[in-house]
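All values derive from a computational prediction rather than experimental measurement. Because only heavy atoms are used, hydrogens play no part in the values below, and waters and symmetry mates are left out as well, while side chains stay in.
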Amino acid sequence: MIRTVESEPHASPPVLAAYSYCEAVTGRQARNFAYGIRLLPTSQRRAMSALYAFSRRVDDIGDGALAHDVKVARMEETRALLTRIREGEVDEDDIDPVAVALTHAAGAFPIPLGGLDELIDGVLMDVRGETYETWDDLKVYCRCVAGAIGRLSLGVFGTEPGARGVDRAPEYADTLGLALQLTNILRDVREDAVGGRTYLPADDLAKFGCSAGFSGPRPPEGSDFAGLVHFEVRRARALFAEGYRLLPMLDRRSGACVAAMAGIYRRLLDRIERDPEAVLRGRVSLPGREKAYVAVRGLSGLDARHVTRRAVRRRA
């Protein structure tokens with residue numbers, strides 16, 4: 001059974017300053033994420049910012065220009081810091097604001113911090129330059145770097161008392177993370193290729209004649225790039241459909257936050273589906289007014305009610 005969130009303990013000035021730092025990092029580095037968590041109560045928003053700031057640190061090590069051995073060493077140092085956070089060994093006056101904020105958040109909410117170990121494992125896959133032959137292979141990576149974030153976030157959100165099927169909430173949160181990550185992979189396919197990374201499964205690339213990769217603004221000659229994108233879009237939509245079953249298990253504001261973030265990515269997926277080659281020309285994004293519409297829809301509970309009605313029809 002997933003525990004509901006607990007009341008936030010008193011936050012001292014050093015802790016509040018640490019949270020402010022994490023919120024600044026979040027606002028600067030993750031606009032879609034920052035937009036979604038604005039819908040949360042203050043204590044949950046702060047905790048989510050602390051989770052993001054720690055995750056951002058891990059990602060920055062993996063994406064940076066450091067030598068391979070230095071990256072691995074930095075990752076292990078970060079893992080050791082996570083152990084100190086988990087064991088409550090970080091004092092409020094520690095010089096690392098992210099560690100201070102995350103330690104406080106872990107005391108306020110039942111956050112499964114092991115998910116951050118999984119994130120480190122996933123980013124180490126990037127450092128090693130791993131590629132993925134099949135979707136099952138790629139799912140392992142996606143669960144580490146995104147599914148784990150979904151489960152960590154669920155620790156902050158909690159679940160509604162008496163919600164049906166709540167034991168499957170971590171599974172749905174994980175699946176929603178996979179949906180978001182696959183959307184990211186589609187959006188960033190050209191950027192990743194320029195950086196020497198390929199995430200889409202090799203057997204999918206071969207099936208659609210795209211094994212040559214995406215180093216230019218046009219698909220490989222003779223390929224069915226649109227077919228590849230539409231295939232992956234269908235896969236992502238199926239993941240979203242399954243992950244959205246989490247929404248009725250959350251309180252209104254947590255559900256609105258999840259619906260807003262997921263809704264933004266679903267709309268990105270719509271844009272990519274309409275114009276597959278757009279991802280080879282530049283980054284696909286949504287204007288602010290469309291993000292605002294998604295947020296209003298989330299607050300209204302439309303997505304949660306839609307999922308609930310669909311589940312009732314299936315049981316009938």
Side-chain angles (χ1 to χ4, degrees), residues 14-30 32-34 37 45-130 138 140-156 170 173-174 177-178 180-181 184-185 188 192 195-197 199:
V15 169
L16 293 176
Y19 276 132
S20 294
Y21 174 86
C22 292
E23 290 188 286
V25 170
T26 304
R28 184 169 63 248
Q29 300 288 341
N32 288 345
F33 185 82
I37 66 173
R45 187 184 69 247
R46 288 173 177 162
M48 292 293 288
S49 294
L51 281 172
Y52 176 82
F54 189 94
S55 302
R56 180 76 261 169
R57 179 178 296 180
V58 174
D59 286 341
D60 285 346
I61 295 170
D63 292 338
L66 299 172
H68 175 274
D69 291 347
V70 177
K71 287 185 178 184
V72 172
R74 290 282 301 277
M75 286 291 186
E76 292 312 317
E77 290 170 4
T78 306
R79 199 189 297 274
L81 174 61
L82 179 60
T83 298
R84 290 181 57 222
I85 292 170
R86 183 184 293 113
E87 295 177 358
E89 296 178 353
V90 176
D91 296 329
E92 290 186 357
D93 60 354
D94 193 281
I95 61 172
D96 187 336
V98 176
V100 171
L102 187 56
T103 299
H104 186 270
F109 301 98
I111 301 172
L113 291 176
L116 290 172
D117 277 306
E118 294 180 56
L119 174 64
I120 292 171
D121 292 338
V123 175
L124 283 170
M125 294 181 196
D126 283 334
V127 172
R128 292 192 296 266
E130 292 192 17
L138 180 59
V140 174
Y141 170 77
C142 290
R143 288 193 191 285
C144 285
V145 300
I149 301 301
R151 286 177 268 119
L152 287 159
S153 300
L154 182 62
V156 175
D174 186 277
L178 264 63
L180 299 177
Q181 185 63 22
N184 269 335
I185 288 171
D188 298 339
D192 290 332
R197 291 177 179 172
Y199 290 101

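Two residues are said to be in side-chain contact when any heavy atoms from C-beta on lie closer than 4.5 Å; Glu77 and Ile61 fail this criterion. Within the 4.5 Å cutoff, the side chain of Arg84 has no heavy atoms near those of the Asp96 side chain. Contact of the Gln181 side chain with the Leu178 side chain is not registered, since no non-hydrogen atoms from C-beta on lie closer than 4.5 Å. With a 4.5 Å cut-off on side-chain heavy atoms, Leu81 and Ile85 count as touching. Using a 4.5 Å heavy-atom cutoff, the side chains of Arg56 and Val98 are not in contact. Under the 4.5 Å side-chain criterion, counting only non-hydrogen atoms from C-beta, Leu119 is in contact with Asp59. Side-chain contact between Val100 and Pro14 is absent, with no heavy-atom pair separated by less than 4.5 Å. Taking the side chain as every heavy atom from C-beta outward, Tyr199 and Asp126 approach each other to under 4.5 Å.
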Review point. Between Arg151 and Leu154, is a side-chain contact (heavy atoms from CB on, under 4.5 Å) present by the stated rule, with each step listed?
Key: CA-CA 5 Å; Arg151 286 177 268 119; Leu154 182 62; 5.5 Å; no

Requested in this report: Dump the intermediate steps for side-chain contact (heavy atoms from CB on, under 4.5 Å) on His104 and Leu16, then the final yes or no.
Outcome: CA-CA 10 Å; His104 186 270; Leu16 293 176; over 6 Å; no

Pair Thr103-Val15, side-chain contact (heavy atoms from CB on, under 4.5 Å): steps then yes or no:
CA-CA 9 Å; Thr103 299; Val15 169; over 6 Å; no

*asked:* Between Asp63 and Val123, does the side-chain contact (heavy atoms from CB on, under 4.5 Å) criterion hold? Intermediate values first, please.
replied: CA-CA 9 Å; Asp63 292 338; Val123 175; over 6 Å; no

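For the atom pair SG (Cys142) and CG (Leu180), the distance works out to 10.5 Å, reported to the nearest 0.5 Å. The CZ atom of Arg143 sits 4.5 Å away from atom CG of Asp174, with the distance rounded to the nearest 0.5 Å. In this structure, CG on Leu102 lies 11.5 Å from OG on Ser49, to the nearest 0.5 angstrom. Put simply, CZ on Phe54 and OG1 on Thr78 are 6.0 Å apart, with the number rounded to the nearest 0.5 Å. In this structure, CD on Glu87 lies 11.0 Å from CG on Leu113, to the nearest 0.5 angstrom. Here Ser55 contributes atom OG and Leu152 contributes atom CG; the two are 7.0 Å apart, rounded to the nearest 0.5 Å.
Of all heavy-atom pairs between Gly122 and Tyr141, the closest is O-CE1, 3.4 Å. In this structure, Ala101 and Cys22 approach most closely via the heavy-atom pair CB-SG, 3.7 Å. Nearest heavy atom pair, residue Met75 against residue Val58, reads CE-O, 3.4 Å. Between Val145 and Ile149 the shortest heavy-atom distance is O-CG1, 3.5 Å. Closest of all the heavy-atom pairs between Pro97 and Tyr21 is CG-CD2, 3.6 Å.
Looking only at distances, no side-chain donor or acceptor of Lys71 sits under 3.5 Å from a matching main-chain atom of Arg128.
The pair Asp60-Arg74 does not meet the salt-bridge criterion, since no charged nitrogen lies less than 4.0 angstrom from a carboxylate oxygen.
Between Glu23 and the choices Arg28, Arg45, Arg46, the side-chain hydrogen bond (donor to acceptor under 3.5 Å, both in side chains) rule is met once, by Arg45.
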